[in-house]
Amino acid sequence: MSKRYKIAVIKGDGIGPEIIDEALKVVDAVAVNSDFELSYEEYLMGGNAYDITGDPLPEETIEGCRNADAILFGAIGGPKWDDLPRDKRPESGLLRLRSTLGLYANYRPVKVYNELVEASTLKSEVVKGVDLLVMRELTGGIYFGEPRANEEDRAYNTMLYTKAEVERIAHEAFKAAMKRKRRVCSVDKANVLEVSQFWRDTVIEVAKEYPDVVLEHMYIDNAAMQLVRDPKQFDVILTGNIFGDILSDEASMISGSIGLLPSASIGGEVGLYEPIHGSAPDIAGQGIANPIATISSASMMLRFAFGEEEAADKIDRAIEMVLRDGYRTKDISAYGAKEVCSTQEMGSIIAEIVSRA
Ligand code: NAD
């Protein structure tokens with residue numbers, strides 16, 4: 001009997017539905033010649049969920065995600081919901097989903113496609129060949145630490161990490177490095193912050209279990225600089241929540257387009273796979289969004305959540321092939337386009353290549 005995987009699909013707002021439809025087209029195509037079957041259940045989250053239910057993360061969505069083998073998510077948010085109270089805003093739905101499901105490890109791979117080196121704002125010799133992974137701790141650190149307060153004449157937050165929190169994300173980074181170039185760069189601010197010294201000491205302890213991986217440490221200010229000076233020096237960058245938030249956005253720009261980069265948030269009950277970009281309300285409904293980040297996120301889902309390496313490889317190769325053949329959505333059309341295609345056309349071309357592979 002063939003394997004069956006249940007996917008909770010959250011299309012979200014703005015371009016979310018457009019890009020998710022293309023990712024589903026591609027995973028359906030890859031499933032045809034495989035020994036697994038996929039089933040989908042759609043759930044609401046974000047602004048559209050608020051409009052219908054009054055809650056950006058309805059209980060039904062949480063339950064549906066818990067009962068799935070993986071979550072494939074588009075994007076949420078938009079100006080329509082910007083003035084709502086914080087807990088009703090679309091973004092609060094996503095934050096709540098991540099913490100409810102305990103998704104503590106955020107993988108953000110950054111790979112520069114040879115055909116698109118010119119798309120980066122950095123010099124092509126600096127970015128050509130970049131292939132790194134930012135491993136960000138997602139459910140701890142200063143974003144969640146207590147106490148926190150905004151008082152009349154002062155405000156404060158607490159950057160707090162427990163040993164268990166650092167250990168589990170460090171293991172995640174070392175395991176990822178074992179499948180890559182076997183290098184981990186742990187980023188902290190140990191020259192100033194006690195919590196960072198604790199982070200560093202704990203990472204050194206965990207590293208003893210991975211003798212084949214080379215560990216180095218870098219202060220966050222230096223890392224931010226090194227990332228644009230010579231990004232090729234990095235393999236896996238391991239870091240906490242706030243530093244990872246900043247570094248992963250910086251790293252994403254090395255590739256030139258936000259429409260290309262996938263992400264995975266894992267470690268809890270069920271993994272969440274999503275493009276790194278937002279709902280792009282400025283281009284929603286025009287059929288010009290780049291679906292590659294979402295298709296690539298679906299590939300990560302097949303690899304991480306289901307262990308379907310071959311299917312994921314097929315998708316990754318198909319993406320490389322369409323770019324090599326000069327197919328471009330509007331956002332990257334200035335770089336080597338032989339044919340400018342719509343969101344739907346890009347999805348169909350990738351799906352077709354995958355089904356022939
Ligand atoms: P954004 O990522 O949505 O858009 C930034 C720019 O990149 C825009 O010009 C947009 O057109 C372009 N862009 C983004 N994705 C693209 C794609 N796939 N193809 C082509 N171009 C693309 O960021 P923003 O404008 O700051 O935010 C818009 C909304 O998205 C806000 O409500 C924000 O809160 C939300 N947001 C959601 C997520 C998420 O759902 N994970 C992440 C970031 C922002």
Side-chain angles (χ1 to χ4, degrees), residues 3 5 27 30 34 36 69-72 103-114 127-138 165-187 202-218 223 227 231-240 244 247-248 251-252 254-255 260-268 270-276 292-320 354 357:
K3 296 167 275 181
Y5 304 121
V27 287
V30 86
S34 71
F36 61 84
D69 298 311
I71 308 162
L72 186 62
L103 304 173
Y104 64 82
N106 183 225
Y107 282 66
R108 278 215 197 178
V110 177
K111 194 173 165 191
V112 175
Y113 295 100
N114 279 342
V127 300
K128 191 163 186 213
V130 164
D131 181 4
L132 60 85
L133 169 69
V134 180
M135 177 74 70
R136 168 187 169 194
E137 200 289 327
L138 203 58
E165 282 174 330
V166 183
E167 281 171 350
R168 66 184 184 179
I169 190 73
H171 279 295
E172 207 66 51
F174 284 108
K175 282 185 193 145
M178 290 292 287
K179 295 186 189 157
R180 298 173 50 95
K181 287 173 253 159
R182 303 189 171 200
R183 295 198 331 262
V184 169
C185 177
S186 175
V187 172
T202 308
V203 172
I204 290 170
E205 275 301 305
V206 173
K208 290 179 185 156
E209 295 179 42
Y210 303 87
D212 294 338
V213 178
V214 176
L215 170 66
E216 71 168 316
H217 304 275
M218 209 177 263
L227 205 47
K232 270 180 275 201
Q233 69 183 285
F234 295 107
D235 180 22
V236 176
I237 296 175
L238 161 65
T239 192
L247 281 189
S248 57
S252 71
I254 294 169
S255 84
L260 295 169
L261 297 174
S263 79
S265 302
I266 64 171
V270 51
L272 174 76
Y273 300 84
E274 57 171 315
I276 69 153
I292 289 180
T294 315
I295 294 170
S296 191
S297 304
S299 159
M300 286 183 89
M301 174 183 75
L302 291 169
R303 196 182 298 282
F304 286 35
F306 312 149
E308 298 294 347
E309 300 276 342
E310 200 186 318
D313 286 344
K314 278 187 193 174
I315 296 177
D316 293 350
R317 278 198 301 269
I319 293 171
E320 277 172 26
V354 157

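Heavy-atom basis, side chains included; hydrogens, waters and symmetry copies ignored. Given the structure is predicted, the values throughout are model-derived calculations rather than measurements.
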Tell me, please, which residues at least two apart from [X] pass side chain to side chain donor-acceptor pair (under 3.5 Å).
{"X": "S255", "answer": "none"}
{"X": "S299", "answer": "D316"}
{"X": "Y107", "answer": "E172"}

State which residues pass salt bridge (Lys or Arg N to Asp or Glu O under 4.0 Å) with [X]; sequence neighbours excluded, sorted by chain then number.
{"X": "E137", "answer": "none"}
{"X": "E320", "answer": "K111"}
{"X": "R182", "answer": "D212"}
{"X": "E205", "answer": "K208"}

Calculate, to the nearest 0.5 Å, the distance between atoms [atom1] and [atom2] belonging to [X] and [Y] respectively.
{"X": "H217", "Y": "L238", "atom1": "NE2", "atom2": "CG", "result": "9.5 Å"}
{"X": "S296", "Y": "L260", "atom1": "OG", "atom2": "CG", "result": "8.5 Å"}
{"X": "K181", "Y": "L133", "atom1": "NZ", "atom2": "CG", "result": "10.5 Å"}
{"X": "S248", "Y": "M135", "atom1": "OG", "atom2": "CE", "result": "12.0 Å"}
{"X": "L138", "Y": "I266", "atom1": "CG", "atom2": "CD1", "result": "11.0 Å"}
{"X": "I295", "Y": "I315", "atom1": "CD1", "atom2": "CD1", "result": "8.0 Å"}

Taking every non-hydrogen atom, the tightest pair across [X] and [Y]:
{"X": "S297", "Y": "P275", "result": "OG-N, 3.3 Å"}
{"X": "E274", "Y": "S265", "result": "OE2-OG, 4.4 Å"}
{"X": "L227", "Y": "L247", "result": "CD2-O, 3.7 Å"}
{"X": "L132", "Y": "V134", "result": "CD1-CG2, 3.9 Å"}
{"X": "A311", "Y": "L302", "result": "CB-CD1, 4.1 Å"}
{"X": "G267", "Y": "Y104", "result": "O-CE2, 3.3 Å"}

Going by the rule side chain to side chain contact (heavy atoms under 4.5 Å, CB included), which residues pair with [X] if we only count those two or more places apart in sequence or in a different chain?
{"X": "A318", "answer": "I350, I353, V354"}
{"X": "E209", "answer": "H171"}
{"X": "T239", "answer": "V187, F243"}
{"X": "S252", "answer": "L261, I276"}

*asked:* Show every salt bridge (charged side-chain N to carboxylate O under 4.0 Å, His left out) that has at least one partner inside residues 304-315, sequence neighbours left out.
replied: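 Salt bridge (charged side-chain N to carboxylate O under 4.0 Å, His left out) check on residues 304-315 returns K3-E308, R303-E309, R303-D313.
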For the residue pair [X] and [Y], establish whether any side-chain heavy-atom pair is separated by less than 4.5 Å.
{"X": "M178", "Y": "Y210", "answer": "yes"}
{"X": "V130", "Y": "F234", "answer": "no"}
{"X": "Y273", "Y": "T294", "answer": "no"}
{"X": "M300", "Y": "P109", "answer": "yes"}
{"X": "Y113", "Y": "I319", "answer": "yes"}
{"X": "V213", "Y": "V236", "answer": "no"}

*Between V203 and V184, is a side-chain contact (heavy atoms from CB on, under 4.5 Å) present by the stated rule, with each step listed?*
CA-CA 10 Å; V203 172; V184 169; 5.5 Å; no
*Assess whether atom NZ of K232 is packed by more than 12 heavy atoms of other residues, nucleotides or ligands within 6.0 Å.*
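Yes.
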*Should the pair R180-D131 be classified as a salt bridge under the 4.0 Å nitrogen-to-oxygen rule?*
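A salt bridge is present here (some side-chain N lies under 4.0 Å from a carboxylate O).
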*How are the rings of F36 and Y5 set relative to one another: parallel (under 30°), tilted (30 to 60°) or perpendicular (over 60°)?*
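Tilted.
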*Is a donor on one side and an acceptor on the other found under 3.5 Å between the side chain of R168 and the backbone of A105?*
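No, R168 side chain to A105 backbone: no donor-acceptor pair under 3.5 Å.
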